[in-house]
Every structure is written in structure tokens, then in C-alpha cells.
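Keep in mind it's a predicted model, so treat the numbers as computed, not measured.
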Amino acid sequence: MEGEGLDDEVEVIHDKHTNSPESFAQLALRAMFGITMTFGLLTFSEFLPPGSAKKVVSAIGVFIGSSIVFSTYSIGGSAHKHEGWRFFQPLKGGVEFIAFQIVAWILFGVSLVPVLIVWMYPQLAVAGFVMCTGAVSLLSEVVMLISLLYFKPDAASQRTDVDAPKESGPSALHQFFSSDRAHKWWSTFIGSQVLLAILACGLGALSDFMDADPFGRALVGGVAISCLTLSIFLTYGVGGRWRYHFNEWQFYQPLLGGAFFVGLQAASWTLFTVSLGLFLHGFYGIAMQQPARPGPFAKLIWTIFGGDEPTTAFFGHLFTAGIAGLVAELLNASSLLVYRSPASTTNTLERKKLSPQKRKERMLRRRSKTSFSVPVTSQPLQRVAIVWMLYNTEKIIFTMFLISLSLIQFAPTFIITTWTIALALYLPTFTGSPSKTGCRNIRKKATAYLDLCAEYFGFRLINDSETKLDPSDTYIMGFHPHGIIPITCGWATGTSEWNHQMGPLNPAPLVSSIIHFVPVMRDIAQLCGAYEVSRTGFHNALDHHNAVVLVPGGQREMVMSISENKDIFIDTKHRGFVREAMRASAKRNGNTWLVPLYSFGETEILDNVRLPVWLQSWFIRLFRANVLFFPYGAFYLPGCPRAVQVSVLVCKPISVPPVANPTKHQVELLHRRYMTILKETIDKYKTSCDHGSDQIVFDPPLEDLAEAEFETLWKRSEQEVTENFPKVSRQDSNVIEVTGLGLALSAMMSILSYMAWG
């Protein structure tokens, strides 16, 4: 009995000192210190003369590094001893664990290659080989430690013996990193990532001074960019999850976390992108066998403090890339200190009282409310950013072009290379004729973003029929008025409120063909399921979605849109959508309906620059678009929508008679009935929507057509001779889109090339 008690006591002591998560953190700290010393030892051997001393020192470094990696895997994994951990467990432990393990062991194997070449084939060795062994070993150790954090027990392989403690909640490591005790280790972890970025900076400087050995220069530069990339992503991904618990931090959380956090993150990732660009520029120079030259950082210093520009490799491109990456890492780490979690309304102390399992359940409930990974929040910064981007997409590519023009004198090769790669990656977006087929549609996944637009405008949906749409029927919806930029018809019909009141049938927007010619604008429109407003796009959209929404008013309503004007102009000349609705009713199964939509407050969102109407109309007739287009909104800022309340009214559906070749008189009858329903419904709800003083102005004027009169006139029209409309030849809009956009992008590239090299 005494022996058994003693054995139990020894086992408890062993578990306490080898299997506790805190001991794992201590092990990780010691392992990182040891592997860093290994890197220093191998770097020291790099500068030793060839001979036995260099081989002995490098062999000691490789032995210590290998021992640390294997010890980290075996001893560090003992924290999962009671969760099914085995030293040899192929393809077990979860997807993340397996992926990190593969990367770690590949890096470990690669780290041995340079030193083996130095030992066995010294004539093939180049400068920096042994040092690269230490750097890659350091990377493999970091990835190995990260893999242990993501280990998930396999239910089939968990221990079932009686003596093993049973845990039903999260893993011990997850519980530890969600506790307050682990916070003191967080600073050490972040500090190690900053040291990794400093290492990348030093390797970049070393690479710039290795002019005599291009291959070694490229090798050291490659290790530098690997260290920098790893430090940035580990700081944000693992550091964020560590500090703010595994169940409250999301790797992809755009515009969440507070204004300071978003600002620091934007600056950090921007500098990281600049750093990667400078690294690529440096590698391009190495490939072209160009000598290392002073980088933009050196030129900036000499511009500020004066003097002759240096001709040596001082502050070269790779060292400048390392400096930019180090600053990016410091900003990235600093941003974690000011992060504000939008997960709940409880304060930090209340969140700490919750168990990890409760936090996980709360996160899952919040995710289930939307169809996208980004939760809907009340943060104004995110709402403003999404709405501003939707209403200013055409300015993004123009701003990028101006920035490139301003920087092309400093880095012409980098700018031209970046644009060339971007264009090469952009070309596949034209495959499949997306403007006609909607093949890029991901609108169902963007509901959370569309809900942000609804929050910004205080969106309200009014369903006059009080019934949901039947998915088996066909719906052609007309949106009124046009306003300046009628984006409301796109985001309003994809929100959660629309799905709640109207059912799961989301109409596909039909937009002007010119939208499909403008980069970024065409991408957002096509990703939101927009088709071109043509006969081909109309019928393809109906085939895929059974419902479309279009803006019949067109450019003429846009010219007449003034926010202060209470007379709402509705253009009644366009009747093609009514004719196509009757044709669609004739060839499709089920019922076909015309549904008028009206947006109260649409004309108050934006204003266009005040110019004579006749001048704008002349440009519309000449170019088929209003080129005098300079919208402004809140505080007279260009393209900044006013946060007015938008109330979208859904009128009662109008049954569309099936007519394959409708006469002009039949089109006019159904169009008059459509406009009558629209006007009557607007008058019914405008007072409750705070727009009681609004007056609808039809131009040309139309007489009201009651339902009984419409049925009488329609029966009479059926006896008339059917007028066959001439068939309109369908142009391949995808060819036109590619040709037009290709010419525009070619002109931009020509301007950049001329500015770069004259």
C-alpha cells in the first residue's frame, strides 16, 4: 500500500512538471532561446576559414538544433498526453496540426541541406550556406511550437483506462492560453516575433553586401523574407488568439476591433506589402545580375540631410525591405494592445468569468445569425467603409493609377512589374462571360455586408402585399426612382430583412453595360450577382434566379434628381422591360409578375454637380452616359452618401399575360397599369414614411388605368392583329467588354511605361 501511494505521488509530480500547460510555455521559451543560440553559433561558423574548425562548430550547431526540434515535439506534446497523443501518429491531430507539422518537418529537412553541401561538396558552397541552416532551423522550431497549440484529440484514439483523467471541455493548452496566467508569456511570444523581424532586417542588410555571390545573396534574402512573413502572421494570428482567447479572435475580421486597431492594422499590412514589393524588386536585380544599389530609404535620408548620394550598397533594397517589415511588425504588435472585441456587449471582466466552452457557444450563436463569417456589428467605421466603397468603386482604380504615377520615378521596375502581375491575375475574371452569365456571383455569402448598408441608411422594408415571393414563379421588378447612383436596388434586395419578409428569392440586379467596363466597379457588381441590362442578360438572369430587378428610369431620371426637390421625376418612356416580361411569361412555366419598387429617400442620398440639364442631356445622347458626373453628398464631400433613412416599398405584384409577340398597344396598357399601381401605393405610404410632401411627376404624363378598365381594354387588344417585333441581333458583350477594358488598361500601362523609361 505504501509503495502504491508513493507511485501515485511520483506520477502526480511528473504530471505537474511535464504535462502542465505552463511547463509547456516554459519549454517553448527555453526552446526558442536554444534555437536562437544555435543560429548564432552557425552564423559564427560562417565566418570561420574553411577547415576542421568550421566543420566542428557547424556540426555542434546542427546537433543542438536537431535535438531542440525533436525535444519540442516529444516533450511539448506531452501536454496532450491524456488527449490521445502519440509520438508516431500519422494524419491525426486535426487539419491545422497536420498542416503545421508538415511545414515544420519540411523546413527541418531543408535546413540540413546547406550544411551537408558544405561538408560533402565544399566546392559547391557559397557564402551564407551555414547561416541559412540556422535561420531555417529557427523557422522550423517556431512552426513546430505552433503546431502543438492546434493539436485536437482523436475520439477513437483517446485513452480509455480508468486512471486517466477525463476531460470533456477544450484541450488543456486551450484552457491555459485562455487564462490570465498565460498573459505573462504573451509578451515573451510577441518579443520573439519582433526579434524574428529584426533577424529578417539583418539578413536583408547582409544580402545587400554580398555582391560577389548572387546565389548566396538570393538565398539569404529568401530566408529574410521567410522570417519576416512568419513573424507578421504569427503575431496577428497566434498572438491575437492568445491574448483575446481562442473563441473571440478571428483571423479574418475586416474593419472590426475599433478605430485605432483598424488604423494600425491598415498601416501595418500596407508597410508589409511595400516590404514584399521591395524584396521582389531586390530579387529581380539579383536575377538580372545587377549590383546592389542604395534603396529608397537611403535616398530619402540623403534628400533630407543633404550631401552626395551614396554609391555603395548602404541601405539597399533588401535592407530597406527589412526596415519596412520591422516597422510593420511593430505596428502589428502594437495594434493587439488596442483591440476592442465586438463579440458581445459585456465588458472584459465579465468575459473573463465565462468558461471557454461558454465563449465558444456564444461565438457560434453569433455566427449563425448571418450567412457570412463577418458578424454584423454596430461599429460606424465598418458601415461607413463598406458604403463608401460601394459608392466610390470607380475612384479606387483611378487612385491606384495616380499613386503609381507619383512613385514611378523612384521605383520604375517595381511599379511596372506590379501592374503587369496584377493584370495577368486579372485576366481570368473575364472567363465565362460574367456580365451575361453571372458566373462570379457570391451574393448569398455577402448578406452581412449588405446588412451594414441597411444599418447605415436605417433601412426599412414595406411589403404592401404582406406575402412572400413564390420561388417557383417569375418576378420582374422595376426600381424607382433612379437617383444619382441606384445601388439601393442591389443591396436592399440581398439583406436579411428582405429574406425575412420576401422569402429566399433574391432578384438579380441588371445594371448598365458601362458598369462592366470599369475595373473594381465591375468586380463588385459581378460578385454581387449583377448582369448587364440587355436582352441576353435579362433572360439569363431569369433562368438562374427567377427574379430580376432593374431601374427603368435611366440617365434621364439621374439628371433630374435633386435632393431638395420634392417633385420626384419618373421617366415613363422606357417600356422595354414590360415587353420582355410578356415574352418571358409566354415561354416560362408558372406565373410571371411585374413588381414595382419605390425607394423613399433615394434622391436625398447624393447630388450631382449643378449643370444645365440640356448640357447633361446632350452628353448623354452623344456618349450614352453622363460624363459630367461628379456626385457629392454629406458635408459636400465627393461620393460620400448622406445617412438618410431609406424605406423601400414593395408594391403588389401585377400578373403578366403570356404574349410571345406583344403589340405596341398591349405594352402600353400593361405599362400604364404598372405605373398606376406604383403611384397609388406611393400615395398610400408616403406620409407614414415622412415623405408626405413628395409629389410623383410622370414624364410624359400617363392617365391612371383601373383594374376593371385594364381587363376590358386587354380583351379588346387580344383581337387585334399581332405586330411582330424585329429580332435584335445579340452582340457578344464579353468580347466588347474585354476589348474596351483592354484598351483602357493598355493606355494606362503605356503611360506608366513612358513615365518610367521615357
Side-chain angles (χ1 to χ4, degrees), residues 248 250 252-267 269 335 338-345 363 366-396 399 442-461 483-501 506 509 520-521 523-525 527-529 563 599-607 631-648 689-690:
E248 292 188 5
Q250 298 298 313
Y252 181 68
Q253 46 186 356
L255 302 176
L256 294 176
F260 289 107
F261 173 78
V262 172
L264 290 174
Q265 280 288 305
W269 290 106
S335 69
V338 296
Y339 175 79
R340 289 190 297 123
S341 174
S344 67
T345 57
M363 175 65 71
R366 188 173 68 253
R367 284 185 181 179
S368 64
K369 294 179 181 179
T370 63
S371 62
F372 200 62
S373 60
V374 180
V376 178
T377 74
S378 58
Q379 293 197 33
L381 179 63
Q382 190 179 20
R383 296 199 303 265
V384 172
I386 294 296
V387 173
W388 186 91
M389 184 180 65
L390 285 178
Y391 282 83
N392 295 273
T393 49
E394 76 284 353
K395 298 182 178 66
I396 297 177
T399 302
I442 60 169
R443 192 183 188 194
K444 289 288 186 181
K445 298 181 179 181
T447 302
Y449 290 115
L450 302 182
D451 285 341
L452 290 177
C453 296
E455 291 182 17
Y456 181 87
F457 291 107
F459 175 61
R460 178 187 176 193
L461 183 65
I484 302 299
I485 305 178
I487 298 180
T488 305
C489 70
W491 61 257
T493 54
T495 59
S496 300
E497 182 64 22
W498 177 277
N499 295 333
H500 175 69
Q501 291 197 39
N506 298 110
V520 182
M521 180 184 289
D523 299 302
I524 293 180
L527 291 174
C528 290
S563 60
S599 177
F600 290 103
E602 185 68 28
T603 58
E604 301 175 9
I605 295 176
L606 289 170
D607 280 298
Y632 64 90
F635 308 107
Y636 296 95
L637 295 176
C640 183
R642 302 183 183 97
V644 298
Q645 184 177 18
V646 173
S647 302
V648 174
C689 294
D690 297 329

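Between atom CG of residue Asp607 and atom CZ of residue Arg642 there is a gap of 4.5 Å, rounded to the nearest 0.5 Å. Rounded to the nearest 0.5 angstrom, Cys528 SG and Leu390 CG are separated by 7.0 Å. If you take CG on Leu637 and CG on Leu606, they are separated by 11.0 Å, rounding to the nearest 0.5 Å. Between the OG1 atom of Thr495 and the CD atom of Gln501 there is a distance of 9.0 Å, given to the nearest 0.5 Å. Phe260 CZ to Gln265 CD: the interatomic distance, rounded to the nearest 0.5 Å, is 15.0 Å.
Judged by distance alone, the side chain of Asp523 and the main-chain N or O of Val520 form a donor-acceptor pair under 3.5 Å. Between the side chain of Asn506 and the main chain of Thr493, a donor-acceptor pair closer than 3.5 Å is present.
Between Ile396 and Met389 there is a side-chain heavy-atom pair separated by less than 4.5 Å. In this structure, the side chains of Ile605 and Ile484 stay at 4.5 Å or more apart for every pair of heavy atoms. Within the 4.5 Å cutoff, side-chain heavy atoms of Val387 are placed close to those of Phe457.
For the pair Ser496 and Thr447, the tightest heavy-atom approach, listed with the atom from each and the gap, is OG-CG2, 3.4 Å. Nearest heavy-atom pair, Trp498 versus Leu461, reported as atom, atom and distance to 0.1 Å: CA-CD2, 3.7 Å. Here the shortest heavy-atom pairing between Glu602 and Thr488 reads OE1-OG1, 2.8 Å. In terms of heavy atoms, Gly490 sits closest to Pro509 at CA-CG, 4.2 Å. The nearest pair of heavy atoms linking Cys489 to Arg443 is O-NH2, 4.3 Å. Here the closest non-hydrogen pair linking Trp491 and Cys453 is CD2-CB, 3.8 Å.
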